[in-house]
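This report refers to the structure that appears directly beneath it.
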Amino acid sequence: MIPTITAFARSPDGGRGLARDMRVRWALEETGQPYEVRLVSFKAMKEPDHLALHPFGQIPTYEEGDLALFETGAIILHIAERHDGLLPKEPNGRARAITWMFAALNTVEPPILDRETTALSERGETWGEARLRLTEERIRVRLSQLSAQLGDDDWLDGAFSAGDLLMVSVLMRLGPPILDEFPSLAAYVARGQSRPAYQRAFEAQLKVFREGI
Ligand code: GTB
């Protein structure tokens, strides 16, 4: 059964691969799974047909037969559990890779999103600049801990896994200049982005931005 995912009909990121359908595309490419994409407008995302798939009216969603999923973490875990390529077979290694998936989404991504919210919507507030600096310091704490963990390794725990896929995706969203203060993490992101599966996923989402398909 070929799954269908949803993506922005017109991504506000200008095709830079920052919208979250990119993570799902990447996971599908890593595991060699074909997929279809249904593009949705911001208006359609808040209408009943889409809300039946995603209670928060967002992208991406994932439909496979009579299964419908939302939340990128859950979607990627589903893909990784059913297909080879994103989780080790050995149970403890598999549990650790899943731990890194949660760490990416629950521990590293929140301060990055906080900073983005402040930079986009709260900067004009009297406390905006102070909050921006605070969120940046929190990000630096997390990145220095993550960089200590990564050390000189290529990936977080042995071979590339769904944990790395999500961690690279989260760090990508931060981008320079803060990421460049941590050269080993900047190299880690570049390593993820140089994977052929990432490249295929990136090209596919860029094609939507350029050609609307
Ligand atoms: N926790 C959910 C998940 O991981 O699946 C979050 C899903 C989510 O935030 N989806 C966003 C969305 O649908 C798109 S990816 N937003 C519309 C809405 O909430 O109405 C977030 C995103 C949006 C834009 C950029 N950008 O322009 O760079 C980057 C990322």
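Bear in mind the structure is a predicted one, so any value in this text is a computation, not a measurement. Heads up: numbering here begins at 1 and tracks the sequence. As the structure lists them, so they are numbered: ligands from 1, and atoms in each ligand from 1.
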Residue part near ligand 1, for Phe70, under 4.0 Å between non-hydrogen atoms: neither
message: Please list, in number order, the atoms of ligand 1 under 4.0 Å from a heavy atom of Phe8.
response: 12 (C), 14 (C), 16 (N), 23 (C)
Considering only non-hydrogen protein atoms, determine which one is nearest to [atom] and report residue, atom name and distance to 0.1 Å.
{"atom": "atom 26 (N) of ligand 1", "answer": "Asp13 CB, 3.4 Å"}
{"atom": "atom 8 (C) of ligand 1", "answer": "Arg20 NH1, 3.4 Å"}
{"atom": "atom 20 (O) of ligand 1", "answer": "Lys46 NZ, 2.6 Å"}
{"atom": "atom 29 (C) of ligand 1", "answer": "Leu18 O, 3.6 Å"}
{"atom": "atom 17 (C) of ligand 1", "answer": "Phe42 CE2, 3.9 Å"}
{"atom": "atom 7 (C) of ligand 1", "answer": "Gln58 OE1, 3.3 Å"}
{"atom": "atom 24 (C) of ligand 1", "answer": "Pro12 CG, 3.9 Å"}
{"atom": "atom 11 (C) of ligand 1", "answer": "Ile59 O, 3.7 Å"}

Nitrogen or oxygen of Glu71 less than 3.5 angstrom from that of ligand 1: yes
query: Between Thr72 and ligand 1, is there a nitrogen or oxygen pair with a distance under 3.5 Å?
result: yes
Would you indicate whether the side-chain heavy atoms of [Y] and [X] approach each other to under 4.5 Å?
{"X": "Leu156", "Y": "Leu150", "result": "yes"}
{"X": "Phe42", "Y": "Arg10", "result": "no"}
{"X": "Leu86", "Y": "Phe160", "result": "yes"}
{"X": "Glu181", "Y": "Leu143", "result": "no"}

field: Minimum heavy-atom distance Leu132-Arg115, with the two atoms named
entry: CD1-O, 3.8 Å
query: Is the shortest distance from a Lys or Arg side-chain nitrogen in Glu125 or Arg131 to a carboxylate oxygen in the other one below 4.0 Å?
result: no
task: Look at Glu137 together with Arg140 and state whether they make a salt bridge at an N to O cut-off of under 4.0 Å.
output: yes
- request: Determine the sole option in Phe202, Tyr198, Tyr35 for which the ring-ring contact (aromatic ring centres under 6.0 Å, His included) test with Trp26 is passed.
  value: Tyr198
message: Using 30° and 60° as the class boundaries, would you call the ring planes of His54 and Phe70 parallel, tilted or perpendicular?
response: tilted
field: Identity of the nearest option to atom 22 (C) of ligand 1, non-hydrogen atoms only, from Met22, Arg16, Arg173
entry: Arg173
